[in-house]
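Heads up, the thing below is written out as structure tokens.
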Amino acid sequence: MNDTSAALVRPPKMEQAVNDEFSPIKISASNVDVFYGDKQALNNISLDIEKNRVTSLIGPSGCGKSTFLRCINRMNDTIETCRVEGSILIDGTDLNGTEIDPVELRARVGMVFQKPNPFPKSIYDNIAYGPKIHGMAADKDTLDQIVQYSLERAGLWQEVKDRLNEPGTGLSGGQQQRLCIARAIAVSPEVILMDEPCSALDPIATARVEELIDELKQNYTIVIVTHSMQQAARVSQRTAFFLLGDLVEFGDTADIFTKPQDERTQSYITGRIG
Amino acid sequence: MAAEHIVTGYDQDLRRLENMITEMGGLAEAQLADAINALIKFDTEQATAIVENDKRIDALESEIDAFTINLIALRQPMADDLRVVITGLKIATNIERIGDYAKNIAKRTLTLASTPTIGGSINTIARMAGMVQNMIKDVLDAYVARDADKADAVRLRDLEVDQLYASLFRELLTYMMEDPRKIGRCTHLLFIAKNLERTGDHITSIAERIHFMVHGTMPLDERPKSDTSVYTMVGPES
């Protein structure tokens with residue numbers, strides 16, 4: 001095989017995957033097992049998540065993708081019966097280690113949920129709450145700046161700048177979800193976890209959030225769980241396919257959706273009985 | 001194909017695409033066989049029918065185009081399904097060209113029918129046509145069976161067609177040198193041979209697409225090439 005034929009085999013990248021080159025590892029999971037009581041939910045998962053890339057986790061319901069996502073900011077700590085084994089390193093430090101404070105970790109690793117869940121407070125306070133409790137703003141001006149910056153980053157500023165004191169719950173579903181993303185951004189996270197962020201949104205609101213995800217990856221590392229394979233294909237550079245608690249296949253999104261290596265991945269993404 | 005899709009209509013669509021390709025390929029195969037038969041026998045009636053029948057192949061190509069575009073828009077195929085659909089679209093184009101070459105041979109047959117035959121050239125052309133026909137048959141079988149190994153084997157056989165074409169080229173040039181009155185007839189035969197050689201190229205391309213459909217990559221090895229006719233000169237200038 002000479003260079004020319006190699007170039008032919010490697011297809012030109014599409015716009016959304018232009019920044020597809022390998023990036024340093026932000027989060028490295030090795031041999032992660034998760035148990036809920038006696039039931040094992042994840043089996044020996046090893047997965048590297050690259051910085052400034054969008055990694056999507058796909059798979060049928062109950063495959064463990066959300067469980068894995070929740071390991072990354074120790075959300076599983078809140079579940080009494082849940083036990084996590086193996087190691088997950090963030091910038092080389094074990095996030096289950098004693099030196100890591102889960103509250104600080106969750107500021108570094110923000111999360112956006114399936115259903116928009118703004119606080120029953122004003123739009124302004126929704127964003128300002130995090131920076132306040134983490135002591136990130138010395139005065140009102142700084143806080144104002146953080147609120148404006150976060151809303152701008154979430155593409156919501158123009159729509160809400162004249163009604164910052166109205167309740168966040170009065171916004172439309174799509175706006176509420178972007179408000180939650182702005183709220184996650186406000187505490188300057190390094191990683192943003194998204195658990196089916198668009199499943200409650202209409203296609204236009206979904207497109208806005210996807211566009212936002214694409215922009216946010218310049219500054220953040222994003223891990224998204226989605227049931228929509230088209231969404232995974234559209235927004236992510238890496239895709240991991242989970243099935244029954246196993247990581248079946250992990251690779252470049254373009255490869256997973258055009259030539260998956262594993263029969264089970266193929267069956268799932270093409271809509272066959274897996 | 002592996003297991004059935006959860007949505008059965010999707011499987012029906014994919015099967016329909018496969019059936020259209022197979023029908024189109026079968027038609028092109030028959031057209032080529034008829035074209036050679038008409039040439040050997042100078043059967044103008046058959047040649048006229050071939051020109052007419054090509055419309056069916058063209059119509060099928062349009063149907064396949066429209067069908068695959070709908071399939072992509074409505075089913076959003078992924079992975080092997082996507083490769084099957086795209087391959088179908090591209091193979092249809094190759095088959096349409098093969099149909100055109102058969103039609104062109106038939107048209108030239110109508111022109112040649114009034115002239116005497118020239119040496120053994122027709123026999124060489126018939127031999128070349130036989131090779132190409134076997135290649136079409138095998139490549140269509142490989143398509144239906146999703147058999148990349150068989151497709152790869154067909155791909156390598158194009159070498160023999162090229163070699164025969166190169167020798168035919170030289171032979172016909174020699175006839176033209178010997179007797180300028182033969183230039184008209186020989187030129188038509190040369191184009192007929194070129195049509196067959198190009199048909200072989202399209203079959204090769206179909207074989208490569210089948211490889212892609214099955215494996216998701218194009219064949220990596222360089223195909224042996226032996227069309228020396230491009231370097232051939234006969235006569236005082238050589």
Side-chain angles (χ1 to χ4, degrees), chain A residues 1-14 16-17 56 58-61 63 198 203 206-207 210 226-236 238-241 243 248-274, chain B residues 1-18 68-90 146 148 151-152 155-156 201 204-225:
Chain A
M1 174 171 49
N2 58 28
D3 285 341
T4 342
S5 61
L8 284 174
V9 172
R10 183 91 181 153
K13 289 295 177 193
M14 294 181 64
Q16 67 105 346
S56 60
I58 61 168
S61 299
C63 68
C198 298
T206 298
E210 288 179 1
T226 175
H227 267 141
S228 159
M229 282 171 289
Q230 274 79 14
Q231 180 168 63
R234 287 190 300 259
V235 303
S236 70
R238 307 284 180 265
T239 296
F241 171 57
L243 187 68
V248 172
E249 191 166 350
F250 178 51
D252 282 8
T253 299
D255 288 341
I256 297 279
F257 288 103
T258 57
K259 43 181 184 203
Q261 299 302 307
D262 195 286
E263 195 73 32
R264 292 166 291 173
T265 317
Q266 179 118 305
S267 293
Y268 180 69
I269 65 172
T270 56
R272 296 186 178 100
I273 297 153
Chain B
M1 255 170 288
E4 304 269 296
H5 288 86
I6 297 166
V7 179
T8 48
Y10 193 2
D11 279 323
Q12 285 161 10
D13 283 350
L14 289 172
R15 262 196 297 276
R16 169 138 184 246
L17 175 63
E18 186 185 305
T68 46
I69 287 167
N70 278 342
L71 218 158
I72 290 168
L74 304 180
R75 303 283 187 197
Q76 289 145 32
M78 294 268 197
D80 61 340
D81 296 335
L82 179 63
R83 302 201 302 267
V84 164
V85 173
I86 296 297
T87 301
L89 186 66
K90 302 198 87 167
R146 305 265 192 273
D152 290 347
R155 177 173 170 262
L156 297 177
D201 291 346
T204 303
S205 162
I206 294 173
E208 286 169 354
R209 297 187 198 294
I210 293 169
H211 182 102
F212 170 77
M213 179 171 79
V214 175
H215 294 302
T217 52
M218 294 300 270
L220 281 181
D221 56 315
E222 191 73 15
R223 191 167 59 85
K225 293 198 173 78

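All chains are named by letter (A, B, ...) in the order of the sequence lines, taking the proteins before the strands, and each is independently numbered beginning at 1. Keep in mind that this is a model prediction, so the values were computed, not measured.
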Query - Euclidean distance, B:Met78 CE relative to A:Ile269 CD1, rounded to 0.5 Å - result: 6.5 Å
Report task. For residues A:Gln266 and B:Asp80, determine if any side-chain heavy atom of one lies less than 4.5 Å from a side-chain heavy atom of the other. Result -> yes
Report task. To the nearest 0.5 angstrom, please state how far the OG1 atom of A:Thr270 sits from the NE2 atom of B:His5. Result -> 4.5 Å
Requested in this report: Search all heavy atoms of B:Gly216 against all heavy atoms of A:Lys259 and return the closest pair with its distance.
Outcome: O-CD, 3.4 Å
**Report entry** salt bridge (Lys or Arg N to Asp or Glu O under 4.0 Å) partners of A:Glu210, counting only residues at least two apart
**Finding:** A:Arg234
Query raised in the report: Do B:Asp81 and A:Arg272 come close enough that some side-chain heavy atom pair is under 4.5 Å?
Result: yes
Report summary line: Honestly, the part of B:Tyr10 sitting under 4.5 Å from a heavy atom of chain A is side chain
